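As the structure is a prediction and not an experimental result, all values here were calculated from the model.
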Amino acid sequence: MFEYFNNKKKQEELYRNEQVFVVPLDRVQMFSDRFSMRISSNINQYIKYFNEIETGGLFVSRNDAEGNVSIQQLIPYTIIFNKDMSKLYTAYRKKGDSRLNNVYSLGFGGHINPIDSSGKDKSLIINAAIRELEEEVNIKTIYKLNYLGTVRDLQSETKEHLGFVFAITTNNRVSIKEKDKMKGSWMDIKELYDKYYKFESWSRYIIDYLFVLSKQNKLKDLLLK
């Protein structure tokens, strides 16, 4: 019990000065549990869609947002393919949010912060996706930012979070910037599935979808629709 309160106190201190973007639950209640695929991967088709979701949102203290299911924290979550889409770059998280420590993650991303209001794109979600990617990994060539869909876990203690899943492909070397917090590695679909239960839930939901596409030899079609 004492460990729980100590961890909670550390978390509150860590988040004390962070402002995160949230929207009322009824703005995003239509999104289903787990991973939901989009109709098209074309980002430009979704700018207006993202803007509509962001309408009515505001920045609040992260301490006020965490655990509050009446408001939803929007989280850009980007997965990285190599050029021929045979492998994905993963991160083993060693530090940070205690709920995500000592697990693998398929996505790179995080909360939308006030700085994302001044980004070059017309959407907070897209601005945050690009910023988080630049903060977490060293990567030179990104061919295209593709929108894949949404992910959430309504059965977990993070049910007040809604992820917007993006994907990129690159032929450049990729490495982790925050080496004290994460360790990066490339994995093919078989490796992802072999380590399935070592991934956090959002990643597992996406791996399920990728595994089915791989079995159908349709993985490369993912970014062409």
Side-chain angles (χ1 to χ4, degrees), residues 19-60 65 71-83 85 88-89 105-137 139 141-154 158-170 201-210 212-213 218-225:
Q19 296 283 307
V20 298
F21 187 75
V22 300
V23 297
L25 176 60
D26 60 11
R27 297 288 302 167
V28 294
Q29 208 155 16
M30 67 284 198
F31 294 110
S32 61
D33 197 13
R34 304 194 172 214
F35 176 66
S36 297
M37 188 66 175
R38 82 296 183 256
I39 299 172
S40 166
S41 65
N42 190 319
I43 283 289
N44 293 328
Q45 292 182 18
Y46 286 96
I47 296 290
K48 184 178 178 181
Y49 169 72
F50 292 149
N51 290 159
E52 288 174 355
I53 293 169
E54 293 162 3
T55 300
L58 73 161
F59 289 98
V60 301
I71 52 177
Q72 295 286 292
Q73 301 169 57
L74 307 186
I75 310 291
Y77 188 88
T78 303
I79 62 177
I80 303 172
F81 287 95
N82 64 346
K83 189 176 181 180
M85 296 185 69
L88 292 100
Y89 197 67
S105 180
L106 197 61
F108 296 86
H111 291 81
I112 298 173
N113 300 133
I115 192 173
D116 300 311
S117 300
S118 57
K120 64 180 181 180
D121 283 292
K122 296 178 180 179
S123 164
L124 288 171
I125 295 169
I126 297 175
N127 287 336
I130 294 169
R131 174 184 57 78
E132 287 284 351
L133 200 59
E134 291 174 345
E135 287 179 359
E136 294 189 350
V137 295
I139 185 168
T141 303
I142 297 175
Y143 289 106
K144 188 180 179 183
L145 185 68
N146 300 270
Y147 176 57
L148 299 189
T150 57
V151 65
R152 69 195 318 181
D153 187 351
L154 296 176
T158 60
K159 54 183 170 288
E160 71 276 14
H161 297 73
L162 172 64
F164 289 82
V165 185
F166 299 91
I168 62 167
T169 57
T170 178
S201 62
W202 282 12
S203 293
R204 293 199 304 270
Y205 299 150
I206 296 169
I207 290 170
D208 287 339
Y209 188 80
L210 296 179
V212 171
L213 287 182
K218 292 182 177 179
L219 192 57
K220 291 185 178 180
D221 295 340
L222 184 67
L223 308 184
L224 300 178
K225 294 178 181 178

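Residues I206 and F35 come closest through the heavy atom pair CG1-CD1, 4.0 Å. Across all their heavy atoms, H161 and R152 have their closest contact at O-CB, 3.8 Å. A pairwise comparison of heavy atoms in A128 and I112 identifies CB-CG1, 3.7 Å as the closest pair. For L106 against I79, the heavy-atom pair with the smallest separation is O-CG2, 3.4 Å. Smallest separation of non-hydrogen atoms from V165 and Y147: O-CD1, 3.4 Å. Closest heavy-atom contact between M85 and L222: CE-CB, 4.3 Å.
Annotation: side-chain hydrogen bond (donor to acceptor under 3.5 Å, both in side chains) contacts of R131 (sequence neighbours excluded): N113, D116, E135. Partners of S203 according to the side-chain hydrogen bond (donor to acceptor under 3.5 Å, both in side chains) rule, which considers only residues two or more places apart in sequence or in another chain, are Y77, E200. For N51, the side-chain contact (heavy atoms from CB on, under 4.5 Å) test picks out I47, E54, S123, with sequence neighbours left out. Not counting sequence neighbours, the partners of Y205 by the side-chain hydrogen bond (donor to acceptor under 3.5 Å, both in side chains) test are D153. Partners of S36 under the side-chain contact (heavy atoms from CB on, under 4.5 Å) rule, at least two apart in sequence or in another chain, are S32, T150.
For K159, the NZ atom counts as densely surrounded, since its 6.0 Å shell holds more than 12 non-hydrogen atoms of other residues, nucleotides or ligands.
L133 has its side chain within reach of I168: a pair of non-hydrogen atoms, C-beta onward, lies under 4.5 Å apart.
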Atom pairs and distances, side-chain donor-acceptor, residues 21-31, under 3.5 Å, sequence neighbours left out:
residue : atom : partner : partner atom : Å
R27     : NE   : T55     : O            : 3.4
R27     : NH2  : E52     : O            : 2.0

